[in-house]
Amino acid sequence: MSESDWSISPPLPKLEFHWEEGKDPQTPQEVNQFFYSDALQVIKQRIVAIGQRMWQKDYVDGNGGNISVRVGDNLVLCTPTLISKGFMTPDDMCLVDMQGRQKAGKRPSTSEIKTHLGIMSRVPAAKSCVHAHPVHANAFVVTGTVPPTGIMPEPDIFFGEVVQAKYATPGTPENAENVGSVSPDHQCIFMENHGVIVWGNHVEDAYWKLENVDSYCRILLLATQLNIPIQQVNAASMNDFIALRKKLGMPDNRDQRSAETLFNLREFAGRALKAHPEA
C-alpha cells in the first residue's frame with residue numbers, strides 16, 4: 001500500500017436539537033432560564049439566518065412566513081407575528097407549548113403556529129417547520145396543482161411527493177388539521193390558495209426542502225415554455241429514488257404502490273408526460 005492510499009470519513013454536522021424526555025422546564029423561572037440558555041441562543045441564531053435567506057430569495061414579503069423548532073416534549077421555539085423575516089434578531093424569538101400557549105418572548109408568537117404544531121404533534125421526526133410563499137411554488141398553489149414526480153432525482157429524493165392540503169383560513173384549528181393530517185407521509189405540503197410548508201429534523205433541513213421545491217417548480221414552469229413534452233423516468237428508476245430517500249431516513253410510502261399508481265401525474269400543463277426512452 002502506498003503512503004497516499006488512505007482516506008478519512010468526517011462525521012456529518014449534528015444540527016438536530018435533542019432534549020431529555022420528561023425533563024421540560026415547568027415553572028416560569030425554569031422556562032425563562034431555558035429560553036435564555038446558550039443552547040437556545042444557537043437555535044435562535046439559526047432561525048434568524050434562515051429568515052434572512054428566505055427574504056433574500058423572495059420566498060417571503062412583508063411580514064409573511066414563519067419558522068419553528070421543537071426544543072422539548074412540550075416546547076417549541078418560533079418566530080413572532082408581524083415581522084419581516086429578513087430583519088429579525090435572536091431577541092425577537094418566542095417560546096410556545098404544544099397547545100400554542102406562549103411561554104416566553106418579548107413579542108407575540110406567529111399567528112400560524114397551530115399549523116406547525118399540527119405537524120409536530122403527529123410526526124415526532126418533525127423537529128422544525130418552515131412556511132413561506134415562494135413565487136414559483138405558489139404559482140402551483142394558487143392553481144390547485146402539484147409538480148409531477150419522476151422527472152428529476154433530486155425532488156423525489158430530497159422532498160418527495162408534494163401533497164395538497166385543503167384550504168382553511170390561515171392560523172385556524174381547521175388549517176392545522178388539514179395540514180397535519182397529510183404530514184406523516186409528506187414533508188412538503190402545498191396549502192391551497194395559501195403557501196408552502198415543509199418539515200425536517202432541523203431548521204436547515206426544512207429550509208433546504210423549501211429551496212428544492214421552489215427551484216423544481218421554476219424548472220417545470222420554464223420547461224413548459226419550450227413546447228416540448230417533459231420526460232418522465234420509468235418505474236425502476238422511480239423506485240431507486242424512493243430507496244435513496246428512505247436510506248437518508250426520510251418518510252416515503254410510495255414503494256408500497258403498484259406501478260400504475262407509483263407516479264402522481266401522467267400529464268402536466270395540458271400535455272402527456274413523455275416516457276423515458278429506456279422505459
Side-chain angles (χ1 to χ4, degrees), residues 11-55 60 63-132 170-173 176 179-180 183 187 197-210 249:
L12 290 169
K14 297 184 183 299
L15 300 178
E16 185 176 345
F17 187 86
H18 294 279
W19 63 87
E20 190 175 353
E21 291 186 14
K23 298 290 186 180
D24 279 4
Q26 300 296 324
T27 67
Q29 295 77 15
E30 291 171 344
V31 168
N32 199 58
Q33 184 177 9
F34 177 61
F35 183 65
Y36 289 103
S37 66
D38 291 343
L40 257 62
Q41 185 68 11
V42 171
I43 304 301
K44 292 174 186 177
Q45 290 169 346
R46 289 178 186 163
I47 291 174
V48 167
I50 292 299
Q52 290 170 344
R53 288 157 68 180
M54 289 165 62
W55 182 80
V60 290
N63 60 282
N66 28 78
I67 305 167
S68 65
V69 177
R70 192 169 181 178
V71 293
D73 294 336
N74 193 40
L75 293 171
V76 176
L77 201 61
C78 68
T79 49
T81 192
L82 296 176
I83 193 170
S84 169
K85 302 308 168 294
F87 297 89
M88 299 185 296
T89 70
D91 286 344
D92 292 321
M93 298 304 111
C94 310
L95 189 71
V96 300
D97 65 16
M98 289 291 287
Q99 289 72 50
R101 299 173 296 198
Q102 188 156 350
K103 297 294 185 178
K106 299 175 182 178
R107 302 178 62 118
S109 63
T110 172
S111 60
E112 296 192 71
I113 190 59
K114 289 184 177 67
T115 306
H116 297 234
L117 300 177
I119 295 173
M120 291 178 177
S121 62
R122 288 172 171 85
V123 187
K127 300 291 183 64
S128 178
C129 297
V130 176
H131 162 53
T172 61
V179 172
S183 63
Q187 287 190 278
I197 189 164
V198 290
W199 66 261
N201 59 21
H202 53 78
V203 69
E204 183 91 12
D205 181 39
Y207 171 75
W208 287 337
K209 289 165 177 50
L210 190 68

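- The CZ atom of Phe17 sits 9.5 Å away from atom CG of Leu75, with the distance rounded to the nearest 0.5 Å.
- Remark: the backbone N or O of Asn66 is not paired with any side-chain donor or acceptor of Thr79 at under 3.5 angstrom.
- The closest side-chain heavy-atom distance from Met93 to Val48 is below 4.5 Å.
- Leu95 places a side-chain heavy atom less than 4.5 Å from the side chain of Val71.
- Closest non-hydrogen pair, Cys129 versus Trp199, comes out as SG-CB, 4.0 Å.
- Between Asn74 atom CG and Leu117 atom CG the span is 9.5 Å, to the nearest 0.5 Å.
- Minimum interatomic distance between Cys78 and Ile113 (heavy atoms only, all atoms of both residues): CB-CD1, 3.8 Å.
- Crowding of Gln99 atom CD: a count of heavy atoms from other residues, nucleotides or ligands under 6.0 Å exceeding 12.
- Taking each heavy atom of Ile50 and Glu204 in turn, the nearest pair found is CD1-OE1, 3.8 Å.
- Here the straight-line distance linking atom CD of Gln26 with atom NZ of Lys23 works out to 11.0 Å at 0.5 Å rounding.
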Pairs under 3.5 angstrom only: tabulate donor-acceptor contacts from the side chains of residues 31-40 to other protein residues two or more places apart or in another chain.
{"residue": "Ser37", "atom": "OG", "partner": "Phe34", "partner atom": "O", "Å": "2.7"}
{"residue": "Ser37", "atom": "OG", "partner": "Leu40", "partner atom": "N", "Å": "3.4"}

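- Residues Cys94 and Ser109 share a closest heavy-atom pair of SG-CA, 3.6 Å.
- Remark: Gln41 CD to Asp91 CG distance equals 7.0 Å, nearest 0.5 Å.
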Q: Check step by step if side-chain contact (heavy atoms from CB on, under 4.5 Å) holds for His131 and Thr110.
A: CA-CA 11 Å; His131 162 53; Thr110 172; over 6 Å; no
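- Between Lys85 and Ile83 there is a side-chain heavy-atom pair separated by less than 4.5 Å.
- Nearest heavy-atom pair across Arg122 and Pro124 is O-CD, 3.6 Å.
- Put simply, the side chain of Asp205 does not reach to within 4.5 Å of the side chain of Ser128, judged on heavy atoms.
- Between Arg46 and Leu15 the shortest side-chain heavy-atom distance falls below 4.5 Å.
- For the pair Pro25 and Lys103, the minimum side-chain heavy-atom distance is 4.5 Å or more.
- At a threshold of 4.5 Å between non-hydrogen side-chain atoms, the residues Ile197 and Glu112 do not count as touching.
- Considering every non-hydrogen atom in both Val123 and Ser183, the closest pair reads CG2-OG, 3.7 Å.
- Checked options His202, Lys127, Arg70; the residue passing with Glu16 is Lys127 (criterion: side chain to side chain donor-acceptor pair (under 3.5 Å)).
- In this structure, the side chains of Gln187 and Val198 stay at 4.5 Å or more apart for every pair of heavy atoms.
- Taking CD1 of Ile67 as the start and CD1 of Ile47 as the end, the distance is 6.5 Å to the nearest 0.5 Å.
- Between the Asn201 side chain and the Ala125 main chain, no donor and acceptor come within less than 3.5 Å of each other.
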